[in-house]
Protein chains: 2
Amino acid sequence: MKNVVSLKSLAKELNISVSTVSKSLNDSEEISAQTKERVKNLAKLRGYSPNPIAVRLQKQETMQIGVIIPNIENPFFASVLKGIDEIVSTSKYNIITFFSNESLEKEKECLDHFSRGNVDGILICIAEETNKKKTFDHIIDIKQKGIPLVLFDRIPMQPLGFDVVHVNDYDSIVSAYEYLEEKKCKNIAFVSSIPTLIVGRLREDGYLSKAKNPIVIAYEELSELQLTLQESLKEGKIDGLISADINATLLCNSAIQKQGLTYSNEISLIGYVNAAQNELSYPKITSIDQHPEEIGRQTAKALLLRLESKLENVPVNDIVLNTTITIGETSV
Amino acid sequence: MKNVVSLKSLAKELNISVSTVSKSLNDSEEISAQTKERVKNLAKLRGYSPNPIAVRLQKQETMQIGVIIPNIENPFFASVLKGIDEIVSTSKYNIITFFSNESLEKEKECLDHFSRGNVDGILICIAEETNKKKTFDHIIDIKQKGIPLVLFDRIPMQPLGFDVVHVNDYDSIVSAYEYLEEKKCKNIAFVSSIPTLIVGRLREDGYLSKAKNPIVIAYEELSELQLTLQESLKEGKIDGLISADINATLLCNSAIQKQGLTYSNEISLIGYVNAAQNELSYPKITSIDQHPEEIGRQTAKALLLRLESKLENVPVNDIVLNTTITIGETSV
DNA sequence: CTGAAAGCGCTTACAG
DNA sequence: CTGAAAGCGCTTACAG
């Protein structure tokens, strides 16, 4: 039941050679208008479409872009992927998705698979474990294979020699801090469930650069974070919270509510959220918007640029995007 | 800088034929142990790995599975995709992801692309628009192409002749209704932002089968839904809410809070949520868990089964999974 | 046990 | 303007 229409079958039916059929369909200058016409008509009639695998073998291109996402259940990454798809789907490439599930081992396997000739280019956000262990050799190795690679969101401190796309995490938190200051907050604490992630560190640094008497509440273990947070709020000193990630934001709001605090002069909250969900939630939280789809689009564009201009000496690009603050109901 | 190690280069270096090299690496019985040894050693030394495109062309398999997701920003689908990945990543296949963004047109393009020899099998959840217009010809056409296809979640009323994986939406709501009855709710309303989706209709039907004096609040337009919902709550009659989708659930909770109602004898809420986010939210909403990852796993398994047993006469599978109720803080 | 040949479905110099 | 030939990198009957 497979598609049996091939160049060969068309050629036989038309009593001409395979090369002529191929050239006709590719609109080669070499072929007469009349022959092209005949070939194209029959091709359409028979529903011919070229075997993509054969074309790829011939062209020595896979027409595939490999994407490695740490965790697709994180809405930030889901939106980034959507942005990537938006750009890639207008190109000749397909997206092969892999999920590292934050595991270094899995990430290595993915890159290994990609580098065995399965993709023409790679888009990757490194896993949490990779981030912690600071093991980047498997990524650097890709350079030797000559496969263009673009890193997004979690960017190692030391440059690896690849294009990168990210937001300015440091400045984002500085802006958030300044925003809360405008709202007359005096004791602003920083809450994070990602203290070891690169982006988490940058955000913390941004906070520390502003706070005179810093209060950092940071645990990876959510239950621990929750407990400590509740304790800290009980003391009644804190009147502003900046949360460094989606989970921390949810816990902050939850702790505030449970404490019976109200979003007024009593306390304010700003943090990272899942934008779509936040829009409908109560209270709608004042948030730092990273514009994840835009990150995805820029990442994909950066790769396509490398793929199209085969120039090896294009300098490495460091693309920094701006975050914005979306006012909600948790800062009055 | 491309990988220049090929069967040919190995053969030349060993002074034997390409066929012998190929057979050795594939552990053919025909080849002497000694030769195999030599070949494998050199292959390892040179870091040889077979060109996947060439293998595919030869084997007449793409080793790719095409997945069409209506909206990756919906956490339900993100989790389904994770489940799919979990199973597929243990097979020889790769996942090609496409997002229809709920558009029939885009969906057609995806299927068209897939059917041009780009994938060996297809996993699809139909777009909202497809669902509404009840246009399924582009899906049915896939059967003629001989490409196995499995539908998940949104399953057309009339069987299309493909394997399907879904939950029992009707029964889920019946259970939810019965649960609220146990909690002494007397006036249970049904709130939906997906009145025209198949799953939305089934859920509504489940509700209608139980309610004596049904109150259905259903609008696709979220602002309209929100308004009507607030009006209805103001009347003070409703003491139980069943929400048919994530957005409706968020709006219900938001409306309840704004109304100043408390989750006690006053009112209860049960509905669909984003499980990960709900876990950390306040209040934690009592929810109907569809186990999306399991849906993904089952969907992928169903396809792999078809792909492996080339038998055409395997009867069509209708896999129905159970939902469960997770007790939260919105039903006391 | 090894290798030459054909073939998977295409494209593209090159001859005529 | 058309076609035969070689080749992309493999696999696999078939001969020897």
Side-chain angles (χ1 to χ4, degrees), chain A residues 1-40 42-43 46-64 92 115-120 145-146, chain B residues 1-40 42-43 46-64 92 115-120 145-146:
Chain A
M1 201 58 68
K2 283 278 173 65
N3 196 4
V4 286
V5 184
S6 61
L7 290 185
K8 206 204 266 186
S9 73
L10 293 177
K12 188 180 294 178
E13 193 167 347
L14 289 166
N15 251 311
I16 58 179
S17 77
V18 168
S19 357
T20 304
V21 177
S22 173
K23 286 174 191 163
S24 298
L25 293 174
N26 290 321
D27 248 330
S28 161
E29 301 279 303
E30 300 180 46
I31 307 293
S32 73
Q34 193 198 333
T35 305
K36 281 188 194 173
E37 181 79 5
R38 282 181 64 214
V39 173
K40 286 181 180 173
L42 186 69
R46 295 277 170 267
Y48 171 78
S49 76
N51 179 322
I53 310 285
V55 174
R56 288 169 200 183
L57 179 59
Q58 223 297 135
K59 293 239 169 99
Q60 296 286 80
E61 283 184 299
T62 67
M63 316 267 190
Q64 316 257 190
K92 66 179 177 184
S115 68
R116 290 174 187 283
N118 282 291
V119 300
D120 294 335
K145 310 268 181 177
Chain B
M1 201 54 70
K2 282 281 174 62
N3 195 6
V4 286
V5 185
S6 62
L7 289 185
K8 206 204 266 186
S9 73
L10 293 176
K12 189 180 292 177
E13 193 168 349
L14 289 166
N15 250 311
I16 57 180
S17 76
V18 167
S19 354
T20 303
V21 175
S22 172
K23 287 174 190 165
S24 297
L25 293 174
N26 289 322
D27 248 332
S28 160
E29 302 279 302
E30 301 180 47
I31 307 293
S32 73
Q34 193 199 331
T35 306
K36 281 188 194 174
E37 182 78 7
R38 282 182 64 214
V39 173
K40 286 181 180 173
L42 187 70
R46 294 278 171 267
Y48 171 76
S49 75
N51 179 323
I53 310 285
V55 174
R56 288 169 200 183
L57 180 59
Q58 222 297 134
K59 293 240 168 98
Q60 295 286 81
E61 284 183 297
T62 66
M63 316 268 191
Q64 315 256 194
K92 65 178 178 186
S115 68
R116 289 175 188 281
N118 282 291
V119 301
D120 294 334
K145 310 268 183 178

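Naming: A, B, ... by sequence-line order, numbering from 1 per chain.
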Undergrad: Searching all strands shown, indicate the nucleotide that pairs with D/dC1 (Watson-Crick or G-U wobble; both distances under 3.5 Å).
TA: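 Its partner is C/dG16 (Watson-Crick or G-U wobble, both distances under 3.5 Å).
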
Undergrad: On the side chain of B/S19, is there an atom forming a donor-acceptor pair with the base of C/dA4 - under 3.5 Å, no angle test?
TA: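 Donor-acceptor pair under 3.5 Å: yes.
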
Undergrad: Can you tell me how far P in C/dG9 sits from the matching atom in D/dT2, rounded to whole Å?
TA: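 25 Å, rounded to whole Å.
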
Undergrad: With hydrogens left out and only the distance checked, is there a donor-acceptor pair under 3.5 Å joining B/Q58's side chain and the base of D/dG9?
TA: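 Checked by distance alone, the answer is no.
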
Undergrad: Rounding to an integer number of Å, can you tell me how far B/K12 NZ sits from C/dA4 P?
TA: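 Going from B/K12 (NZ) to C/dA4 (P), I get 14 Å.
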
Undergrad: Of all the nucleotides listed (D/dG9, C/dT11, D/dT12), which has the minimum atom distance to the side chain of B/S6?
TA: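 Output: D/dG9.
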
Undergrad: Quickly work out the B/L10 CG to D/dC10 P distance and round it to whole Å.
TA: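 It works out to 9 Å between those atoms.
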
Undergrad: Expressed as a whole number of angstroms, how long is the span from A/K8:NZ to C/dT11:C1'?
TA: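 Roughly 16 Å, once rounded to whole Å.
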
Undergrad: Can you check whether A/G117's main-chain N or O pairs, donor with acceptor, with A/K145's side chain at less than 3.5 Å?
TA: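 The answer is no, because no donor-acceptor pair under 3.5 Å joins these two groups.
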
Undergrad: Starting at CZ of B/R56 and ending at P of D/dC8, how long is that distance when rounded to a whole Å?
TA: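 Whole-Å distance recorded here is 19 Å.
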
Undergrad: Nearest to the B/N26 side chain among D/dT11, D/dC14, C/dT11, which nucleotide is it?
TA: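 That would be D/dT11.
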
Undergrad: Mapping A/K59 and B/L57 to their closest nucleotides on DNA chain C, which lands nearer the 5' end?
TA: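 The residue mapped nearer the 5' terminus is B/L57.
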
Undergrad: If you check every side-chain atom of A/S32, which of C/dC10, D/dT2, C/dC8 has the closest atom?
TA: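 Ranking C/dC10, D/dT2, C/dC8 by closest atom to the A/S32 side chain puts D/dT2 first.
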
Undergrad: Indicate the atoms forming the closest heavy-atom contact of A/V5 with A/R46, along with that distance.
TA: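 Residues A/V5 and A/R46, closest heavy atoms: CG2-O, 3.3 Å.
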
Undergrad: Would you mind classifying the nucleic acid contact of A/I53 as base, sugar-phosphate or nothing, using non-hydrogen atoms under 4.0 angstrom?
TA: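 A/I53: no heavy atom of the nucleic acid under 4.0 Å.
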
Undergrad: So how far is it from B/I53 CD1 to A/Q64 CD, rounded to the nearest 0.5 Å?
TA: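 Between atom CD1 of B/I53 and atom CD of A/Q64 there are 6.5 Å.
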
